[in-house]
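What you are looking at is a predicted structure, and each value in this text was computed from that prediction instead of being measured.
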Amino acid sequence: MSFPLLTATAALPAVGAVATAAVPAARRTAAKWLALLVSLATLALAIVVLARFDPGGARYQLTESHAWIENFGVRYELGVDGIGVALVALTAVLIPFIILAGWHDADPLETGSRRWRPTQGFFALILAVEAMVVISFESTDVFLFYIFFEAMLIPMYFLIGGFGDRAHAQGEEAASTQRSYAAVKFLLYNLVGGLIMLAAVIGLYVVAGNFSLQEIAQARANGSLHMATSTERWLFLGFFFAFAVKAPLWPLHTWLPNAMQESTAPVAVLITAVVDKVGTFAMLRFCLQLFPEASKWATPVILVLALISIVYGALLAVGQRDIKRLVAYASISHFGFIIMGIFAMTSQGQSGATLYMVNHGISTAALMLVAGFLISRRGSRLIADYGGVQKVAPALAGTFLIGGLATLSLPGLAPFVSEFLVLVGTFTRYPAIGIIATFGIVLAALYTLVLYQRTMTGPVKPEVSAMPDLRARELVVVAPLIVLLIFLGVYPKPVTDIVNPAVKQTMSDVHKTDPKPSVEAAK
């Protein structure tokens, strides 16, 4: 039997989480280094997975299948397609930077504080989330996916509620209350979505007799498995609701601004750049593949909701006074673009949506981590408390600008290509939706440039006059992300070559082809 590479990629951070948590309390630095080394080893395994994946080969590769709960048809089945392998690589790339950026975020507080910050627990929880996200991207058994889709809520709850941002103007007690509120809200929203999905998972088993994604999809394709129209639609809604909460899609998005505001910057990146991608990924893998007819039936409503997310998120980002909440609402707008691309049902739209997942992860990580460095220096999240930072910390201001320009999808940076593909793919089938969605681009330029202008330019405020520039550790975090943004902006082919075959197979699942041009070429 060949080496279980996919299992190892998920198991290594899980084992690393246990080992990090077991490090003695007095050896906090050792726990940090252990977590970083485990994340780097996981990245090495993800690179091997990427290298062994053949875009022109079978749909699911490096597969593993073992009996698990035989009486209920549950198997331990793993496999990656082009979309899954790209997101596994994204996760493995971001986690080491998240750990480095949060190097001091869980250090003990000042003497006499009533809060105890277990450093080992902070880094162990990050590794635990990585393990669960990776196996979610690899699972081809619906029940196995569901287990880890829900299980990742537990470490995320403790990361949000137990390790909040120190830049809080209302005192420790008020900060603790708001963190608890954000963590509970995150948990309740996602638990409700998960419970509804559980009902749909059970319903799928009743109809299909097993949980294997590949077997169910193949049976549907060859006509040996029939679902009544109403049954398929109800099952689709059960799955989609859970994924829309995770994504997050308007109006199920309200947990995200609170969670990102109260989290440390690295945990905020973990939420929106890593965990939330499971929701959009699952729409492609499960909703479209298992319920193709219901997906087409629901498309008009989902496109309208995605469009509202784009415009609503961008409008609220324009009016924010808190840096983290601004990035949160910007992410809601970006997830609207991703979902719009998925349900445009065109190859350009779905390729752009998948590429957007990767590029949004990198751009949001760059912007939010630099914002975190900025906030930690000033001790405030309020935009009004800054001014003239570029004169005293030019490297910090420069990297903040590049992260912001990537957020507004400036040509030459990675998100531009994906956003362009999404808009083109949407316009060819739904021109009105595509035209209105471009308004989100205008608003993105507004909130990004206003944020930079208010924080980085103008007279130097006394509170930031002695602000230090980026340190060596912080440059190690930010510089590779900036390089990736520029590289993928100029040359996205390495990612598109991997995801395009998987997109074509997804289009085949829903029996869709790209619309022909409606205007004949001029003779």
Side-chain angles (χ1 to χ4, degrees), residues 97-107 109-110 164-171 175 260-269 273 317-330 362-408 410 412-413 444-486:
F97 297 126
I98 288 172
I99 290 174
L100 268 177
W103 201 252
H104 297 298
D105 285 356
D107 287 349
L109 295 174
E110 61 277 3
D165 196 341
R166 298 183 183 184
H168 205 292
Q170 299 179 15
M260 289 186 67
Q261 178 183 5
E262 298 303 326
S263 300
T264 64
V267 172
V269 171
V318 170
Q320 292 304 308
R321 297 181 296 172
D322 184 295
I323 296 174
K324 287 186 176 180
R325 289 185 73 88
L326 187 151
V327 178
Y329 280 110
I362 299 170
S363 63
T364 299
L367 179 61
M368 179 57 84
L369 292 180
V370 176
F373 299 148
L374 178 70
I375 291 168
S376 67
R377 285 160 165 74
R378 173 66 177 84
S380 173
R381 300 192 300 253
L382 297 179
I383 297 172
D385 289 341
Y386 296 87
V389 174
Q390 68 179 11
K391 297 177 182 178
V392 297
L396 190 154
T399 53
F400 190 80
L401 177 61
I402 295 174
L405 293 176
T407 298
L408 63 83
L410 183 77
L413 296 176
L446 179 61
Y447 62 68
T448 300
L449 296 178
V450 168
L451 171 65
Y452 184 83
Q453 182 259 332
R454 291 180 177 175
T455 55
M456 301 296 165
T457 66
V460 179
K461 289 198 172 184
E463 294 84 358
V464 304
S465 58
M467 180 178 289
D469 211 341
L470 292 179
R471 303 178 179 91
R473 172 181 60 85
E474 295 165 338
L475 284 170
V476 169
V477 171
V478 177
L481 296 174
I482 299 299
V483 170
L484 280 173
L485 286 174
I486 297 172

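In this structure, the separation between CG on L475 and CG on L470 is 5.0 Å, given to the nearest 0.5 Å. Atom-to-atom distance recorded for D385:CG and I323:CD1 is 9.0 Å, nearest 0.5 angstrom. Here CG of L451 is found 11.0 Å from CG of L446. Values are rounded to the nearest 0.5 Å. We find the CZ-CD distance between R378 and E463 to be 4.5 Å, quoted to the nearest 0.5 Å. Atoms CE and CG, on M368 and L326 in that order, are 9.0 Å from each other to the nearest 0.5 Å. The distance from atom CD1 of I383 to atom CD of Q320, rounded to the nearest 0.5 Å, is 8.0 Å.
Contacts of Q453 classified as side-chain contact (heavy atoms from CB on, under 4.5 Å), with partners at least two apart in sequence or in another chain: T457. Residues forming a side chain to side chain donor-acceptor pair (under 3.5 Å) with T364 (at least two apart in sequence, or on another chain): H360. Residues that satisfy the salt bridge (charged side-chain N to carboxylate O under 4.0 Å, His left out) test with R454, not counting sequence neighbours, are absent from this structure. Taking Y447 as the reference, nothing meets the side chain to side chain donor-acceptor pair (under 3.5 Å) condition, with sequence neighbours excluded.
Residues V269 and L369 meet the side-chain proximity criterion, which asks for heavy atoms closer than 4.5 Å. Considering only heavy atoms from C-beta on, L413 stays 4.5 Å or farther from S363 through its side chain. A 4.5 Å side-chain heavy-atom check between D105 and V267 finds every atom pair outside the cut-off.
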Determine all donor-acceptor pairs shorter than 3.5 Å in which one atom belongs to a side chain in residues 386-394; sequence neighbours excluded.
| unit_1 | atom_1 | unit_2 | atom_2 | d |
| --- | --- | --- | --- | --- |
| Y386 | OH | S380 | O | 2.4 |
| Q390 | OE1 | Y452 | OH | 2.9 |
| K391 | NZ | G458 | O | 3.4 |

Counting only pairs under 3.5 Å, give me each side-chain donor-acceptor contact of residues 400-408, with atom names and distances, residues two or more places apart or in other chains.
| unit_1 | atom_1 | unit_2 | atom_2 | d |
| --- | --- | --- | --- | --- |
| T407 | OG1 | G403 | O | 3.0 |

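Put simply, the side chain of K324 never gets that close to the backbone of A371: no donor and acceptor are under 3.5 Å apart.
For residues 393-404, no residue pair satisfies the side chain to side chain donor-acceptor pair (under 3.5 Å) rule, not counting sequence neighbours. Every pair passing side chain to side chain donor-acceptor pair (under 3.5 Å) that includes a residue from residues 469-482 is listed here, sequence neighbours excluded: R377-E474.
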* Start with the C-alpha distance between L396 and L374, add both sets of side-chain angles, then the distance that settles side chain to side chain contact (heavy atoms under 4.5 Å, CB included), and finish with yes or no. => CA-CA 8 Å; L396 190 154; L374 178 70; 3.8 Å; yes

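Nearest heavy-atom pair across D322 and Q261 is OD2-NE2, 3.6 Å. In this structure, A265 and G372 approach most closely via the heavy-atom pair CB-CA, 3.5 Å. Residues V477 and F97 approach most closely at O-CD2, 3.7 Å, considering heavy atoms.
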